[in-house]
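Contents: one structure, followed by commentary.
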Amino acid sequence: MTPEQVAQAVADAVSALVAEGAIAVDSVPEARVERPKSREHGDYATNIALALAKPAGRNARDVAELVAARLRVVPGFSAAEVAGPGFINLRLDSAAQGEVARTIVEAGPAWGRGTVLSGTTVNVEFISANPTGPLHLGHTRWAAVGDAIARVLEAAGADVTREFYINDRGVQMDKFGASVMAAANGRPVPEDGYHGGYILDLAAQIVAERPGILDLPDVEQHVAFREAAYAVQLREQQQVLELFRTRFDVWYSEQGLYESGAVERGLARLREQGHMFEQDGATWLRTTDFGDDKDRVLLRANGEPTYFAADTAYYVDKRARGFDLAIYLLGADHHGYVNRLRAVAACAGDDPDRSIEVLIGQLVKITRDGVDIKLSKRAGTIVTLEEVVEEVGVDAARYTLARFPVDSPLTLDVAEMVRATNDNPVFYVQYAHARISSVLRNAHELGIDWLAAEFDPALLDHERENNLLGMLAEFPRVVASAAELREPHRVARYLEDLATAYHRFYDVCWVLPRGDEELAGIHVARLWLCAAARQTIANGLALLGVSAPERM
RNA sequence: GCCCUCGUAGCUCAGUCGGAUAGAGCGACCGCCUCCUAAGCGGUAGGCCAUGGGUUCAAUUCCCGUCGAGGGCACCA
């Protein structure tokens, strides 16, 4: 019996009581069925009676007793007890609980997938770094989390597009080009330019590929360097992200926004909706009508569009491309954008609560042996994504960054990440997977075909088996809540708990026949349980973009 | 000054759409491998859940104030 079925049984019991007139309420309040923290409180517990007591004008424990009495006779339940202020603690019989293993094995890779977001087309935009340098550890967090959010949304049934917005236009690009050009000509990089060591490499690479570039007049040379350096940098970012197993469906160029006419179309859309006005020679968007602190300039007095105009056009373009929901993953240094982006959606005629969502991620604080490191492309003190991958590996890096909620500040010690890779919880989870794989391999070598043998779930009645089964049954709910809350870290935390449940089971419950022991029903049942656990861990790790090794 | 996010074990952090004795990892200490992977399991030590009020049958969780940390407040990008 799955938690959903338990919840259904509780709901049915309450409806029956209401129909009989045993409990008088206008509507049945929402109640929760959850796994109690303490196993003494049963396999599942519900607070339905506490929620029902007030509207029914009854004592909570009395209501609980009425509901419990009905649940006791439902097949699959072995106990229903009233406890504390009015909780109902439920126990399943081992056959009902054990059936979960069969459900999981039969579902395979589809186990955990759901439909809560079916029919929703979502655009998830993340990283969107300037193509003026390598991606660093800060971006790495958005890569890991953004990709995991996309995966989790897909698991919940959404149609997801991963998108990277390339800021390939404007002042920063010019400074970048000027920096590379200066380096190539042996001149000092401008004060406000980019000073990282990679600038020199970039300059040398470009000159080697195009020796004539240094003979061009200054203006042309600047453009040539800017474009060449941009191309190299973008390609590098794409390659590194590929290495990090983070693929984007769309790389969207800011420059392209202008070339395709999307900016004009976006402004036209806003004009139609009637939220634009002229003042001091500039064209503004009245975002204050929708919660922004101040109105924003779209076209400067000199006629040039602002960066905000591009942002606006970009949003309108996303909607025009058919996305129901645009999710933006931004760093905390951009949180001032939230209100204005929502205002943009409203100005474009959308309901911001439905069509736009801005997730603010706290910045990663990086230390090395306890000493703060400032990440600055311009100062050249960066820890790149590539270095992180080389030092700790993709799995460990992705997992470490994805196991924390994005809105919590995070301190990572680079030295510790490298030194203590074995302490990374990812290995704990992966180890459980490898361990199970080994057991199943051994079973195969012993000639045991557990999949074809008869599986009697009632045999899984050990406390550790029961606990493991309960954990496994939670997986779909974890995936669904991770998707709805955009919090993939819940999957990671769940996997750690699941791995613990497995290790504890493994420690006490021997799976395979020992020595010349005959194959018995318990061996088969435990193999089904192992297979279910392995499938769940593999599916969960896949949602985080982390591999599930057969051996370690 | 105004706004956003955050304050939980020595350290890094979970938990909190209100629920029954607050958790993990690391670090410290003590146990467990003649047979399925010890990258594991068991145990000990470690907390006024920043602080003061409020709402509630019930607050670490929701609301307000205070203190502290980080970030943001451009016709920059």
Side-chain angles (χ1 to χ4, degrees), chain A residues 30 32 34 36-38 40-41 45 47 50-51 53-54 59-60 83-87 89 130 167 169-175 254 279-284 293-294 296-302 304-311 331-339 360-363 365 370 400 403-413 416 420-432 434-443 445-446 481 484-485 489-490 492-493 496-497 499-500 502-515 517 523 526-527 530 551-552:
Chain A
E30 217 174 294
R32 302 239 293 261
E34 51 192 16
K37 284 175 208 154
S38 166
E40 292 159 23
H41 295 140
N47 63 345
L50 288 157
K54 193 170 233 179
N59 174 288
F87 291 104
N89 294 335
N130 288 337
N167 297 123
R169 185 175 184 280
V171 179
Q172 291 306 317
M173 287 303 294
D174 286 339
K175 286 180 181 172
E254 181 188 357
Q279 189 183 307
D280 303 331
T283 302
W284 301 65
D293 304 336
K294 57 189 77 171
R296 307 287 169 178
V297 173
L298 287 166
L299 298 172
R300 286 184 263 256
N302 64 12
E304 276 292 303
T306 60
Y307 189 86
F308 176 66
D311 279 348
D333 52 341
H334 287 70
H335 82 251
Y337 290 18
V338 178
N339 282 339
I360 292 300
Q362 295 296 311
L363 302 180
K365 180 179 171 187
T400 302
R403 74 186 285 268
F404 300 107
V406 277
D407 61 0
S408 79
L410 187 58
T411 304
L412 290 179
D413 193 305
E416 200 170 309
T421 44
N422 271 343
D423 296 330
N424 191 313
V426 73
F427 296 107
Y428 180 75
V429 175
Q430 288 183 316
Y431 179 63
R435 219 179 195 189
I436 302 169
S437 299
S438 173
V439 173
L440 295 176
R441 239 183 350 256
N442 294 339
E445 279 164 19
L446 289 171
S481 72
E484 286 177 298
L485 299 169
H489 77 276
R490 288 167 182 274
R493 300 293 172 159
E496 290 165 30
D497 290 341
T500 296
Y502 184 80
H503 287 311
R504 282 166 51 80
F505 152 78
Y506 178 92
D507 199 47
V508 178
C509 301
W510 197 270
V511 178
L512 299 172
R514 302 197 221 204
E517 195 182 351
H523 303 126
R526 284 178 176 168
L527 281 163
C530 284
R551 299 168 200 273
M552 283 175 79

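In what follows, chains are A, B, ... by sequence order, proteins preceding strands, each numbered from 1. The analysis underlying the following values was restricted to heavy atoms, covering all of them including side chains, and did not include hydrogens, waters or symmetry mates.
When heavy atoms are screened at a 4.0 angstrom cut-off, A:L50 is found touching base atoms of the nucleic acid. Residue A:A301 is in base contact, counting any heavy-atom pair closer than 4.0 Å across all strands shown. Residue-level contact check: A:G170 touches the backbone only, with heavy atoms under 4.0 Å from sugar-phosphate atoms and none from bases. Within the nucleic acid shown, A:Y307 comes within 4.0 Å of at least one base atom, counting heavy atoms only. Among the heavy atoms of the strands lying under 4.0 Å from A:N47 is at least one base atom, whether or not backbone atoms are also near. Counting non-hydrogen atoms under 4.0 angstrom, A:A310 reaches nothing in the nucleic acid. The residue A:D280 sits close to a base: some heavy atom pair falls under 4.0 Å. Residue-level contact check: A:I360 touches neither bases nor backbone, having no heavy atom under 4.0 Å from any strand. Contact annotation for A:A83: base contact, defined as any heavy-atom pair under 4.0 Å involving a base atom. Contact annotation for A:N59: no contact, since no heavy-atom pair falls under 4.0 Å across all strands.
Under 3.5 Å, the side chain of A:R514 and the base of B:C35 form at least one donor-acceptor pair of N or O atoms. Not a single donor-acceptor contact under 3.5 angstrom links the side-chain atoms of A:H335 to the base of B:G72. One cannot find a donor-acceptor pair under 3.5 Å joining the base of B:A14 and the side-chain atoms of A:D497.
B:C73 and B:C26 have their P atoms separated by 41 Å, given to the nearest Å. Using atom P as the reference point in both B:G65 and B:C29, the two lie 47 Å apart (nearest Å). Distance noted for atom C1' between B:U61 and B:U8: 12 Å (whole Å). The same atom, C1', is picked in B:A9 and in B:A74; the two are 45 Å apart, to the nearest Å. Rounded to the nearest Å, the gap between the C1' atom of B:U51 and that of B:G68 is 10 Å. One P atom belongs to B:G43, the other to B:U5, and the distance between them is 40 Å to the nearest Å. B:C6 and B:A45 are spaced 34 Å apart, taking the P atom of each and rounding to whole Å. Distance check on atom C1': B:U55 versus B:C64 gives 11 Å, rounded to whole Å.
Nearest heavy atom pair, residue A:P305 against residue A:R300, reads O-NH2, 3.3 Å. Of all heavy-atom pairs spanning A:R32 and A:E34, the tightest one is NH2-OE1, 3.6 Å. For the pair A:F308 and A:R296, the tightest heavy-atom approach, listed with the atom from each and the gap, is CE2-CB, 3.3 Å.
Proximity of a side-chain donor or acceptor of A:R551 to a complementary backbone N or O of A:A434 within less than 3.5 Å is not detected. Counting only distance, with no hydrogens or angles, the side chain of A:D280 and the backbone of A:A282 share no donor-acceptor pair below 3.5 Å.
Glycosidic conformation, B:C11: anti, with the torsion outside 90° of 0.
Of the candidate nucleotides B:G15, B:G72, B:C76, B:C76 has the atom nearest to the side chain of A:V171. Out of B:C36, B:A39, B:A14, the shortest distance to the side chain of A:M552 is found at B:A39. Here the side chain of A:F404 is nearest to one of B:A20, B:A14, B:C36, namely B:A14. Closest to the side chain of A:Y506, from the set B:A38, B:A39, B:A74, is B:A38.
Close to B:G25, at under 4.0 Å from its OP1 or OP2, lies no side-chain N or O of A:R403. OP1 or OP2 of B:U16 lies within a sub-4.0 Å distance of a side-chain N or O belonging to A:R490. Between A:K294 and B:C2 there is no side-chain polar atom (N or O) within less than 4.0 angstrom of OP1 or OP2. The side chain of A:K37 places no N or O atom within less than 4.0 Å of a non-bridging phosphate oxygen (OP1 or OP2) of B:G23. Put simply, A:R300 has a side-chain N or O that comes within less than 4.0 Å of OP1 or OP2 on B:C76.
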For nucleotides 41-44 of chain B, print each protein N/O atom paired with a nucleotide N/O atom at under 3.5 Å, atom names and distance only.
unit_1: B:C41; atom_1: OP1; unit_2: A:Y428; atom_2: OH; d: 2.6
unit_1: B:C41; atom_1: O2'; unit_2: A:D507; atom_2: OD2; d: 2.5
unit_1: B:G42; atom_1: OP1; unit_2: A:R504; atom_2: NH1; d: 2.3

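Rounded to an integer number of Å, the gap from CD of A:E517 to C1' of B:C36 is 12 Å. With rounding to whole Å, A:R551 atom CZ is found 16 Å from B:A39 atom P. Rounded to whole Å, the distance from CG on A:N130 to P on B:C76 is 17 Å. Across the protein-nucleic acid pair, A:L298 atom CG and B:C75 atom P stand 12 Å apart, rounded to whole Å. Between the P atom of B:A74 and the CZ atom of A:F308 lies a distance of 13 Å, rounded to the nearest Å. Straight-line distance from the CG atom of A:D293 to the P atom of B:G1: 17 Å, rounded to whole Å. In this structure, A:E496 atom CD and B:C26 atom C1' are separated by 13 Å, rounded to whole Å. Whole-Å rounding puts the A:W510 CH2 to B:U34 P distance at 11 Å.
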Which is it for A:L485 and A:R490 under the side chain to side chain contact (heavy atoms under 4.5 Å, CB included) test, yes or no, and what are the steps along the way? CA-CA 10 Å; A:L485 299 169; A:R490 288 167 182 274; 3.5 Å; yes
Run the side chain to side chain contact (heavy atoms under 4.5 Å, CB included) test on A:I360 and A:V406 for me, step by step, so that the C-alpha distance in whole Å, both residues' side-chain angles and the decisive distance to 0.1 Å come before the verdict. CA-CA 7 Å; A:I360 292 300; A:V406 277; over 6 Å; no
Apply side chain to side chain contact (heavy atoms under 4.5 Å, CB included) to A:F505 and A:C530, showing your working. CA-CA 10 Å; A:F505 152 78; A:C530 284; 4.0 Å; yes
RNA chain B base-pair string [pairs: Watson-Crick or G-U under 3.5 Å; |: paired with another strand]: (((((((..((((.....[...)))).(((((.......))))).....(((((..]....))))))))))))....
